[in-house]
K.L.:
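Quick one: this structure, given as structure tokens, is what I'll be asking you about.
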Amino acid sequence: MIRSELVQRLAAANPQLYAKDCEAVVDAIIGRIADAIVAGDRVELRGFGSLTIVEQQARMGRNPRSGALVSVQAKSKLVFKTGKEMRDRLNPKARLVAP
């Protein structure tokens, strides 16, 4: 699902709201999440998952074409970890049936 589909579904589920209001709500939520991540905060959406920043240290890598050593700078990486409820929805436990 892309952002515009999310806005459309939100508008369809709430007919009392205008589509532009639904778009403003989605933009506000995504904006707050992005601001928190940029500030280095952990964002947790219970039942869905959490977003955190992990710092990758500088290291020596290889150029895949030539095989030459290349210095890779340190950088920040965004990591998403699914919540327990989402994992359970994605991987329902198989029911054991007695023979």
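Note: hydrogens, waters and symmetry copies are ignored here, and every other heavy atom, side chains too, is used.
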K.L.:
Would you mind writing out the side-chain donor-acceptor pairs for residues 2-20 within the sub-3.5 Å range, not counting sequence neighbours?
P.N.:
from: R3; atom 1: NH1; to: D27; atom 2: OD1; distance (Å): 3.0
from: E5; atom 1: OE1; to: I2; atom 2: N; distance (Å): 3.2
from: N14; atom 1: ND2; to: L10; atom 2: O; distance (Å): 3.1

K.L.:
Would V38 end up clustered with I33 when hydrophobic side chains under 4.5 Å apart are linked, directly or stepwise?
P.N.:
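In one cluster with V38: I33, no.
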
K.L.:
If a pair satisfies side chain to side chain donor-acceptor pair (under 3.5 Å) and one of its residues is in residues 73-84, list it, with sequence neighbours excluded.
P.N.:
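Every side chain to side chain donor-acceptor pair (under 3.5 Å) pair that includes a residue of residues 73-84, provided the two are not neighbours, is E55-S76, K84-D88.
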
K.L.:
Are more than 12 heavy atoms, taken from residues, nucleotides or ligands other than E85, located less than 6.0 Å from that residue's CD atom?
P.N.:
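No.
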
K.L.:
So, taking the atom named CG in D35 and the one named CG in D41, what distance separates them when rounded to the nearest 0.5 Å?
P.N.:
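D35 CG to D41 CG: 10.0 Å, rounded to 0.5 Å.
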
K.L.:
Indicate yes or no for a side-chain donor-acceptor contact from R42 to the backbone of T52 under 3.5 Å, with no hydrogens or angles considered.
P.N.:
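Not a single qualifying donor-acceptor pair exists.
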
K.L.:
Which other residues belong to the hydrophobic cluster containing V79, where Ile, Leu, Val, Met, Phe, Trp and Tyr are joined when side-chain heavy atoms lie under 4.5 Å apart, directly or via other members?
P.N.:
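Traced through the cluster, V79 reaches V54.
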
K.L.:
Decide if atom CZ of R89 counts as having more than 12 heavy atoms of other residues, nucleotides or ligands within a radius under 6.0 Å.
P.N.:
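Counting neighbours around CZ of R89, 12 or fewer heavy atoms of other residues, nucleotides or ligands fall under 6.0 Å, so no.
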
K.L.:
Compare every heavy atom of V72 with every heavy atom of G61, then report the nearest pair and how far apart it is.
P.N.:
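The answer is N-CG2, 4.1 Å.
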
K.L.:
Between R46 and E44, is the closest basic N to carboxylate O distance under 4.0 Å?
P.N.:
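Judged by the 4.0 Å cut-off on N to carboxylate O distance, E44 and R46 do form a salt bridge.
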
K.L.:
Does F80 belong to the same Ile/Leu/Val/Met/Phe/Trp/Tyr cluster as I29, with side-chain heavy atoms less than 4.5 Å apart forming each link?
P.N.:
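Yes: a chain of side-chain contacts under 4.5 Å links F80 to I29.
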
K.L.:
Return the CG to CD1 distance between L78 and I37, rounded to the nearest 0.5 Å.
P.N.:
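Between L78 CG and I37 CD1, I get 5.0 Å after rounding to 0.5 Å.
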
K.L.:
Any non-hydrogen side-chain atom of R62 less than 4.5 Å from a side-chain atom of L69?
P.N.:
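With C-beta onward as the side chain, the pair touches.
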
